[in-house]
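Let me begin by presenting the structure, written as structure tokens, before commenting on it.
Throughout, protein chains are lettered first and strands after them, A, B, ... in sequence-line order, and every chain is numbered starting at 1.
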There are 2 protein chains.
Amino acid sequence: MREGPDIARIASLIGDPARANMLTALMSGKALTASELAQEAGVTLQTASSHLAKLTDGGLLRLRKQGRHRYFALAHDDVAHVLENLMGLAVSAGHLRMRTGPKDGALRKARICYNHLAGDMGTRMFDSLMTQRHLELNEKGIDLSESGVALMQHLGIDLAALRAKRSALCRECLDWSERRTHLAGSLGRALLERFEQAGWASRDANSRAVHFTRRGEKAFREAFSIAEP
Amino acid sequence: MREGPDIARIASLIGDPARANMLTALMSGKALTASELAQEAGVTLQTASSHLAKLTDGGLLRLRKQGRHRYFALAHDDVAHVLENLMGLAVSAGHLRMRTGPKDGALRKARICYNHLAGDMGTRMFDSLMTQRHLELNEKGIDLSESGVALMQHLGIDLAALRAKRSALCRECLDWSERRTHLAGSLGRALLERFEQAGWASRDANSRAVHFTRRGEKAFREAFSIAEP
DNA sequence: GTAATGCTTCGATCACGCTCGAACTATGAG
DNA sequence: CTCATAGTTCGAGCGTGATCGAAGCATTAC
């Protein structure tokens, strides 16, 4: 026993309901203040402060001070990745305790996964990029093919800027609702930003849902050659 | 708030040190009895029994009764996948609390990840399969190319039997020590079994380490065209 | 049958950690 | 400077859940 890393430490960090709610809220990719997170978790500001200290100390959150506000965000993409995986397990293994309200449908269709697009539309986009060989596999993971580069430039993505970053361009992320892969990494992030910039989609203010306009969804399907559902 | 699946439920299950030790022990892929798991976790049989009931009830473990023994195993590959991811996060985000003993080197070189090979040799094998185009990407994930099929047949893998199973042939799994991908899925499992069958490697009785014989390691490197370290 | 092993259930203990009220610090507004 | 907002720290209360002793089943051995 006692071999390998200490998974109990971070699992117990995620295991508290208040903290789990905070982390789930931060999966929206937005940095939130302590007050906002307190409300999100349904606890007072004092307890929230204690929880946030533990989460940052545990390496799960990153803190950015800005004036008299303290903005908290997930420390790294890895954290979001683990949380999304846990959601998948919670759905499959656990008896799913989620009120399937009106929001739920929207979440399953398109939502934010930290900083990129997930849900049905996210997995469809990934599938399309794969089948059309816009993405290809090499020893270091996934990368854009020539046709993929052309497509991204046509969509107005600044690939040079993305390549300059040290983080990976393309990463895979498992979708908890679809149980299939969607595109993460700096390209995944840039694409979502582009969709918003182009007016195709907008984020829901209070949830992880992403709302596509009718024209935006049409343009999205055309861009990635996705058939009508 | 309260949107999405209940990650706190399973995270808190994993979050208890005793249970985390049990789950880590089960990452060896072996089904263990309640007594063995109690010893692994460092608790008495009574408390272990309580923990095991919670884990099975929570959908993380699967129970197989056999005579007067009760064998516990991870319920599904997904569970192992999440645990491996959590280990990666524990290493990167947490201050790593692991005694870096002699076992540690062996674990990093080659170890069991539930039912397939992980560690340095696992990631090298995956990299080799990728660069030599034995594996290729399609819309459904990874699959063997023609040359890959030939290689597996040469190695004595019964692909027809594997394809008959409903579970995926190839899956990716993130390595906590290498922080890179290695091969999971039924093929990953079959390959490890083949290595043992061929006398190339054997599992450590008390840990997740996999010991390759000198001849076995040489044969392994030749089979996958891996250069000397 | 009796004995032994493997494991569960019950009950009591006990401690950890979540929670919030109150007081305190810090930054900004007027 | 005064007031307001944002957040932390301290301390006490309190419940949940981990733990183990003892007793109870269940299965195998003899």
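Of all nucleotides in DNA chain D, those with any atom nearer than 4.0 Å to a heavy atom of chain A start and finish, going 5' to 3', at D:dA4 to D:dT9.
One atom, NZ of A:K65, and another, P of C:dT27, lie 8 Å apart when rounded to the nearest Å. Spacing between atom CG of B:L37 and atom P of C:dT8 amounts to 11 Å, rounded to whole angstrom units. Atom-to-atom, CG of B:D57 to P of C:dT9 comes out at 11 Å; the value is rounded to the nearest Å. One atom, CG of B:L52, and another, C1' of C:dT8, lie 11 Å apart when rounded to the nearest Å. At whole-Å resolution of the value, CG in A:D16 and P in C:dC16 are 17 Å apart. C:dG28 atom C1' lies 15 Å from atom CZ of A:R70, rounded to whole Å.
Within 4.0 Å (heavy atoms only), B:K54 reaches sugar-phosphate atoms of the nucleic acid but no base atom.
For the pair A:T47 and C:dC20, the criterion of a side-chain N or O lying under 4.0 Å from OP1 or OP2 is met. Look at A:H51 and you'll find a side-chain N or O under 4.0 angstrom from OP1 or OP2 of C:dT19.
The closest side-chain donor-acceptor pair between A:E36 and A:T33 falls under 3.5 angstrom. Between B:S177 and B:R111, the side chains place a donor N or O and an acceptor N or O closer than 3.5 Å (distance only, hydrogens not considered).
B:N115 places no side-chain N or O within donor-acceptor distance of the main-chain N or O of B:G29, the cut-off being under 3.5 Å. Counting only distance, with no hydrogens or angles, the side chain of A:R194 and the backbone of A:L155 share a donor-acceptor pair below 3.5 Å. B:T213 contributes no side-chain N or O that, together with a main-chain N or O of B:A201, makes up a donor-acceptor pair within less than 3.5 Å.
The nearest heavy atom of DNA chain D to A:S35 and to B:A18 marks one nucleotide each, and the one closer to the 5' end goes with A:S35. Where B:A34 and A:Q46 meet DNA chain C, the nucleotide closest to each residue was compared, and B:A34 sits on the side nearer the 5' end.
Taking A:H51 as the reference, nothing meets the ring-ring contact (aromatic ring centres under 6.0 Å, His included) condition, with sequence neighbours excluded.
Here the CG-CG distance, from B:L37 to B:L32, works out to 5.0 Å after rounding to the nearest 0.5 Å. Rounding to the nearest 0.5 angstrom, the gap separating the CG atom in A:L89 from the CG atom in B:D6 is 11.5 Å. Put simply, CZ on B:R124 and CZ on B:F224 are 13.5 Å apart, with the number rounded to the nearest 0.5 Å.
End-to-end axis angle of the helix from C:dG1-D:dC30 to C:dG30-D:dC1, using five pairs per end and rounding to 10°, comes to 20°.
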